[in-house]
Amino acid sequence: MTSTKEIGVGVVGLGYMGRTHVTAYRDAAADGVRTRLVAVCDANPALAGGDTSARGNLDTGRHAARLFDPRETSFHRDPAELFALPAVDLVSICTHTRSHVELATQALEAGKHVLVEKPVALSAAAVERLLAAARAAGRLCMPAMCVRFWPGWDWLRATVRAGTLGEVRSAVFRRIAAHPGWAPEFYRDPHENGGALFDLHVHDADFVRWCFGPPAAVTSTGTIDHLTTLYRYLRGPAHVVAEGGWDLATGFEFVMSFTVAFAEATADYRLGRTPPLLLCRDGKAQPVALAPGNGYEGEVRHALALLTDPDAIPLAPLEDAVGLTRMLEAEGESLRTGATVAV
């Protein structure tokens, strides 16, 4: 695609995450990115008018009176109808987890590029099938790993890689919440959602792997709905831990945080704090300036850039989702057996 082409977008699934994607595309267009929401798809016909009622853990963008204008964006109940539209170049798959691979494959076979929500699937074998389909189609298929694009988290990865604060001695990540109140049938069934292990903890598991590389082994304790994993490296930080859970009481405020001890300073991030990122050294805690926006906006704009900028480097290749899912499978095995499991 050329850099001057307007990218037509379709979004499949208008639950909390689908609406988040629609908002991110809309905000990108408002900021001058050449993209347009061509079509949306959902099984619920009541959403055809552009209702905006769905909410989740995070405030994900600039709110409008309606999610989309039905005079400009067509509504479909059958994904195949959306995939057949010539004006759609890129499709966001934002449905329940077990449909991700099938729908993404159909979109790829229809010649569309794909941004597919996390977790891509509940097994590495399923993600590998999607990877093969993307390669056969010669199209982009990007997993929606939003934390890679989150202001503050991108700073952490760049700082770790640059080594400007010395080696990492400890890295602790925490993501805990009350049980999701939206899509109750889906979130009641761990066979469908993979529990907090796959649906919530997946963010920090991916970031650990992206920041420090694949661990040699994992040791996990707890349950799939609230776990702590120690990531073991042969050459790397001695203490890398991530806690994830969604079994807190209703009313508990969502926590998304990290504390990373470098040899020369400690970085501490807490979502919702002002400022969210502090760098502590020499007896002082100094704020770190962060870019505006959130990771959802970042991942959407990155996917759009990959389709228009020949020099853009993929920051979330689908191959990474294969390795991540294998690691989550190892964490699940460690939870079941109590043993340290090689990755």
With a cut-off of 3.5 Å and sequence neighbours excluded, list every side-chain donor-acceptor pair involving residues 127-144.
from	atom 1	to	atom 2	distance (Å)
E128	OE2	R326	NH2	2.4
R135	NH2	E319	OE2	3.2
R139	NE	G111	O	2.9

I want to check something: taking the side chain as every heavy atom from C-beta on, are V12 and H76 in contact at a cut-off of under 4.5 Å?
no

Are Y25 and S92 close enough that a side-chain donor and a side-chain acceptor fall under 3.5 Å?
yes

Does the side chain of V341 come within less than 4.5 Å of E333's, by heavy atoms?
yes

Ring centre gap for W155 and Y269 strictly below 6.0 Å
no

With sequence neighbours left out, what residues match D204 under side-chain hydrogen bond (donor to acceptor under 3.5 Å, both in side chains)?
R175

Within a strict 4.5 Å, meaning less than it, do heavy atoms of the V160 and L156 side chains meet?
yes

Is any side-chain heavy atom of V240 closer than 4.5 Å to a side-chain heavy atom of C211?
no

Taking distance alone, no hydrogens or angles, what donor-acceptor pairs closer than 3.5 Å link side-chain atoms of residues 117-126 to residues at least two apart or in another chain?
from	atom 1	to	atom 2	distance (Å)
E117	OE2	H21	NE2	2.7
K118	NZ	D199	O	2.5
S123	OG	A126	N	3.2

Nearest non-hydrogen partners of F262 and G166, listed with the distance
CD2-O, 3.5 Å

Heavy-atom distance under 4.5 Å between the side chains of K112 and L82, does that happen here?
no

Would you call the rings of W153 and F207 parallel, tilted or perpendicular, where under 30° means parallel and over 60° means perpendicular?
perpendicular

To the nearest 0.5 Å, how far apart are CE in M256 and CH2 in W150?
5.0 Å

Does the pair Y231 and E331 meet the rule for a side-chain contact (heavy atoms from CB on, under 4.5 Å), with working shown?
CA-CA 10 Å; Y231 300 92; E331 292 184 51; 3.1 Å; yes

Minimum heavy-atom separation for R273 to P276, with atom names?
NH2-O, 2.9 Å

Measuring only between side-chain heavy atoms, which start at C-beta, is T23 closer than 4.5 Å to R26?
yes

Go through the steps to decide whether S334 and T219 satisfy the test side-chain hydrogen bond (donor to acceptor under 3.5 Å, both in side chains), and finish with yes or no.
CA-CA 6 Å; S334 182; T219 305; 5.2 Å; no

For the pair E192 and R98, find out whether any cationic side-chain nitrogen is under 4.0 Å from an anionic carboxylate oxygen.
yes

Output yes when D282 and K284 qualify as a salt bridge under the 4.0 Å nitrogen-oxygen rule, no when they do not.
no

Please check if any side-chain donor atom of T228 sits under 3.5 Å from a side-chain acceptor atom of T221, or the reverse.
no

What's the spacing between R336 CZ and T223 OG1 if we round to 0.5 Å?
13.0 Å

Among V38, T20, L37, the one residue meeting side-chain contact (heavy atoms from CB on, under 4.5 Å) with V11:
L37

Are P215 and R232 close enough that some pair of their side-chain heavy atoms sits under 4.5 Å apart?
no

Measure from the side-chain N and O atoms of R19 to the backbone N and O of L14, and report whether any donor-acceptor pair falls under 3.5 Å.
yes

Ignoring hydrogens and angles, tell me if any N or O in the side chain of E299 forms a donor-acceptor pair with the backbone of C146 under 3.5 Å.
yes

side-chain contact (heavy atoms from CB on, under 4.5 Å) between T325 and F198, intermediate numbers included:
CA-CA 8 Å; T325 309; F198 269 86; 3.9 Å; yes

